[in-house]
Q: 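Input: one structure, supplied below.
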Amino acid sequence: MVKFIGKRLAYAVLTLFLITTATFFLVAGAPGDPIAAKVGQMPEQAQQIIRQKYGLDQPVVKRYTTYMKNLLTTGDFGESIIYTGQSANDIIKNNTLVSAKIGLLGLLFQTTIGICLGMVAALNRGKPVDHVIRVLVVLAICVPSFVFASVLQYFLAFKWKLVPVFGWGQMKHYILPVAAYAIGGIASYTKYMRSSTLSVIGEDYIITAKAKGCTKKRVVRKHVLRNAMLPIITMIGPSLAGIFAGSFILERMFAIPGLGFYYVKAVSDNDYTMVIGLTIFFAILFVGSLIAVDILYGIVDPRIRVAKGKK
């Protein structure tokens with residue numbers, strides 16, 4: 001198990017290095033002046049001072065080595081060009097919890113409702129309830145989350161006045177963004193849970209359990225559910241990382257001051273240090289979640305750990 005985890009950590013370090021390097025050079029080579037929004041109509045001399053402050057007067061390779069040195073020695077993602085006196089670390093520290101609240105609530109609804117609907121559809125294969133669920137799943141997967149958000153805003157907030165259109169700070173502000181965030185995920189979890197359950201139902205050990213006289217509820221609870229959950233475990237890892245990076249548009253639509261809101265603003269303002277810092281942070285979350293899923297998957301099904309260890 002130690003060797004298994006060690007390999008995964010080595011791959012993670014290499015992946016993060018490549019992501020950081022690629023992101024830095026892509027952002028550095030992007031068109032547009034990264035300090036244009038900040039300097040405005042300042043004199044040329046003042047603009048030059050600001051460029052020197054952020055190292056923009058240096059060759060891109062030197063800027064890269066300096067950035068990597070600071071990142072590896074201090075963990076500093078860099079100072080924001082637009083938000084004077086604040087670094088990407090400050091934005092992450094102050095706003096991560098906001099995105100986490102929305103994302104975790106959405107993920108909770110996604111997994112709970114999706115698993116239940118997937119099981120119901122699979123256990124009633126070919127029946128009307130199965131057909132209804134499958135149609136709804138296709139519609140939910142095809143329609144983007146921001147469309148659901150617009151529909152929810154129009155009916156629940158604008159027309160029926162049940163909740164605020166946007167805002168943050170009270171429990172009622174959670175309803176629309178969580179619902180819009182969760183709908184697509186519910187459809188995905190339902191789809192995969194249905195497929196996984198149907199695959200497990202046809203296994204020999206399920207037939208054997210039924211032949212031994214096990215009740216349907218016991219078979220589903222003891223055998224079907226546990227084995228059908230394996231693909232869902234794989235999905236939960238990226239979903240955990242996605243609670244921070246998967247709601248960019250929704251946070252802008254509902255004026256939620258989360259990481260997605262600041263990331264979109266950083267891109268529009270050419271705040272390249274913020275873009276690089278947040279991208280690296282999201283990459284760390286995503287890679288870390290994949291490692292956690294790999295380890296958890298190996299614990300649940302040791303055959304996977306053994307197979308991967310031989311490679």
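This is a predicted model, so every value here is computed, not measured.
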Q: Apply side chain to side chain donor-acceptor pair (under 3.5 Å) to Tyr64 and Thr21, showing your working.
A: CA-CA 8 Å; Tyr64 170 74; Thr21 302; 2.6 Å; yes

Q: Look at the side chain of Gln58 and the backbone N and O of Thr66, then say whether any donor-acceptor pair between them is shorter than 3.5 Å.
A: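 Judged by distance alone, no pair lies under 3.5 Å.
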
Q: So do Ile82 and Met274 actually touch side chain to side chain, heavy atoms under 4.5 Å?
A: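 Of all side-chain heavy-atom pairs linking Ile82 with Met274, none is under 4.5 Å.
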
Q: For Tyr263 and Thr279, run side chain to side chain donor-acceptor pair (under 3.5 Å): C-alpha distance rounded to whole Å, both residues' side-chain angles, the deciding distance at 0.1 Å, then the answer.
A: CA-CA 9 Å; Tyr263 190 91; Thr279 300; 2.9 Å; yes

Q: Let me check something: do Ile19 and Leu72 share a hydrophobic cluster, defined by ILVMFWY side-chain heavy atoms less than 4.5 Å apart, either directly or through other members?
A: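 No.
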
Q: If you look at every heavy atom in Arg63 and Tyr272, which pair is closest and at what distance?
A: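 The answer is NH2-CE1, 4.2 Å.
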
Q: Any side-chain heavy atom of Ile91 sitting closer than 4.5 Å to one from Ser80?
A: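 Side chain of Ile91 against side chain of Ser80, heavy atoms only: no contact under 4.5 Å found.
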
Q: Report yes or no: do Phe166 and Tyr154 belong to one cluster of Ile/Leu/Val/Met/Phe/Trp/Tyr joined by side chain heavy-atom distances under 4.5 Å?
A: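 Each belongs to a different hydrophobic cluster.
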
Q: Return the minimal non-hydrogen interatomic distance between Arg8 and Ile291, and the atom names on each side.
A: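 Shortest heavy-atom contact: O-CD1, 3.7 Å.
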
Q: What's the shortest heavy-atom distance between Ile141 and Ala187, and which atoms?
A: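 Answer, listing the atom of Ile141 first, then Ala187: CG1-CB, 3.6 Å.
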
Q: Are Asp130 and Arg194 within salt-bridge range, i.e. N to O under 4.0 Å?
A: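 Salt bridge present between Asp130 and Arg194.
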
Q: Should Val165 and Leu152 be regarded as members of a common hydrophobic cluster, given that ILVMFWY residues are connected when their side-chain heavy atoms come within less than 4.5 Å of each other, either directly or indirectly?
A: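 No, because Val165 and Leu152 fall into different hydrophobic clusters, even though each may have its own neighbours under 4.5 Å.
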
Q: Distance check, rounded to the nearest 0.5 Å: Thr23 atom OG1 versus Ile280 atom CD1?
A: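 Between Thr23 OG1 and Ile280 CD1, I get 6.5 Å after rounding to 0.5 Å.
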
Q: Among Ile276, Leu278, Ile92, which residue satisfies the side-chain contact (heavy atoms from CB on, under 4.5 Å) criterion with Phe77?
A: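 So, applying the side-chain contact (heavy atoms from CB on, under 4.5 Å) to Phe77 and each of Ile276, Leu278, Ile92, only Ile92 qualifies.
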
Q: Please examine the side chains of Phe281 and Thr96, heavy atoms only from C-beta on, and report whether any two atoms are closer than 4.5 Å.
A: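 Contact flag for Thr96/Phe281 side chains = yes.
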
Q: For atom CZ of Phe109, decide whether the heavy atoms of other residues, nucleotides or ligands shown that lie under 6.0 angstrom number more than 12.
A: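 Atom CZ in Phe109 is not packed in, count stays at 12 or less.
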
Q: Examine Lys161 relative to Phe158 and say whether NZ or CZ is less than 6.0 Å from the centre of the six-membered ring and inside a 45° cone about the ring axis.
A: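 Flagged: Lys161 positioned over aromatic ring of Phe158.
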
Q: Any side-chain hydrogen bond (donor to acceptor under 3.5 Å, both in side chains) pairs touching residues 163-173, not counting sequence neighbours?
A: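 Sorted result for residues 163-173: empty, none.
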
Q: Do you know which two heavy atoms are closest between Leu117 and Ile133, and how far apart they sit?
A: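 Minimum heavy-atom separation between Leu117 and Ile133: O-CD1, 3.8 Å.
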
Q: Decide whether Glu251 and Ser99 meet the rule of one side-chain donor and one side-chain acceptor closer than 3.5 Å.
A: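 A donor-acceptor contact under 3.5 Å links the two side chains.
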
Q: Is the shortest side-chain heavy-atom distance between Asp76 and Leu71 below 4.5 Å?
A: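 No, too far: nothing below the 4.5 Å cut-off.
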
Q: Do Ile113 and Leu104 belong to the same hydrophobic cluster, where Ile, Leu, Val, Met, Phe, Trp and Tyr are linked whenever their side-chain heavy atoms lie under 4.5 Å apart, directly or via other members?
A: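 In one cluster with Ile113: Leu104, yes.
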
Q: Are the side chains of Pro164 and Phe254 in touch, meaning some heavy atoms are under 4.5 Å apart?
A: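 No, every pair of side-chain atoms sits at 4.5 Å or beyond.
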
Q: Leu176 versus Gln153: any side-chain heavy-atom pair under 4.5 Å?
A: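 Leu176 reaches Gln153 side chain to side chain.
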
Q: Is there a donor-acceptor contact under 3.5 Å linking the side chains of Thr273 and Tyr67?
A: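 Thr273 vs Tyr67: no donor-acceptor pair found between side chains.
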
Q: Which atom pair, heavy atoms only, marks the closest approach of Leu250 to Pro177?
A: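 The pair with the smallest heavy-atom distance is CD1-O, 4.3 Å.
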
Q: About how many Å separate OG1 of Thr190 and CD of Gln110, when rounded to the nearest 0.5 Å?
A: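 The distance works out to 10.0 Å.
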
Q: So, taking the atom named CG in Leu9 and the one named CG in Leu14, what distance separates them when rounded to the nearest 0.5 Å?
A: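 Rounded to the nearest 0.5 Å, the CG-CG separation comes to 12.5 Å.
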
Q: Can you sort out the partners of Tyr262 under side chain to side chain donor-acceptor pair (under 3.5 Å), two or more places apart, ordered by chain and number?
A: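 If we apply the side chain to side chain donor-acceptor pair (under 3.5 Å) test to Tyr262, skipping adjacent residues, there are no hits.
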
Q: Shortest non-hydrogen contact from Ser145 to Ala180?
A: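 Result for this residue pair: CB-O, 3.8 Å.
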
Q: Is it the case that one hydrophobic cluster holds both Val147 and Leu139, taking links as side-chain heavy atoms less than 4.5 Å apart, direct or via other members?
A: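 As far as the 4.5 Å side-chain criterion goes, Leu139 and Val147 are not connected within one cluster.
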
Q: Taking only residues two or more places apart in sequence or in another chain, which ones pass salt bridge (Lys or Arg N to Asp or Glu O under 4.0 Å) with Asp90?
A: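 Applying salt bridge (Lys or Arg N to Asp or Glu O under 4.0 Å) to Asp90 gives none.
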
Q: For Ser195, does its backbone N or O pair with a side-chain atom of Ser199 as donor and acceptor, under 3.5 Å?
A: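 Checked: no pair found.
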
Q: Do any N or O atoms from the side chain of Asp271 and from the backbone of Ile81 form a donor-acceptor pair under 3.5 angstrom?
A: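 Checked: pair present.
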
Q: Out of curiosity, Leu259 CG to Ile102 CD1, how far, rounded to the nearest 0.5 Å?
A: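 Atom-to-atom, Leu259:CG and Ile102:CD1 are 12.5 Å apart.
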
Q: Would a distance-only check, ignoring hydrogens and angles, find a side-chain to backbone donor-acceptor pair under 3.5 Å from Thr111 to Leu108?
A: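 Such a contact is found between Thr111 side chain and Leu108 backbone.
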
Q: Within the 4.5 Å heavy-atom criterion, are Glu79 and Gln86 side-chain neighbours or not?
A: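 Sidechains of Gln86 and Glu79: no contact.
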
Q: Counting only heavy atoms not in Tyr174, do more than 12 sit closer than 6.0 Å to its OH atom?
A: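 More than 12 within 6.0 Å, yes.
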
Q: Compare all side-chain heavy atoms of Lys265 with those of Arg252 and state whether any distance is below 4.5 angstrom.
A: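 In contact.
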
Q: Under the 3.5 angstrom rule, does the side chain of Ser196 hit a backbone N or O of Tyr192 as a donor-acceptor pair?
A: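 Checking the backbone N and O of Tyr192 against the side chain of Ser196, no donor-acceptor pair under 3.5 Å is found.
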
Q: Evaluate the side-chain contact (heavy atoms from CB on, under 4.5 Å) criterion for residues Leu225 and Met229: first the C-alpha distance (whole Å), next the side-chain angles of each, then the deciding distance (0.1 Å), finally the verdict.
A: CA-CA 6 Å; Leu225 182 60; Met229 284 292 293; 4.1 Å; yes

Q: If you measure from OG on Ser239 to CD1 on Ile232, what distance do you get to the nearest 0.5 Å?
A: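 Rounded to the nearest 0.5 Å, the OG-CD1 separation comes out at 9.5 Å.
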
Q: Rounded to the nearest 0.5 Å, what separation is found between the OG1 atom of Thr112 and the CD1 atom of Ile186?
A: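 Between Thr112 OG1 and Ile186 CD1, I get 9.0 Å after rounding to 0.5 Å.
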
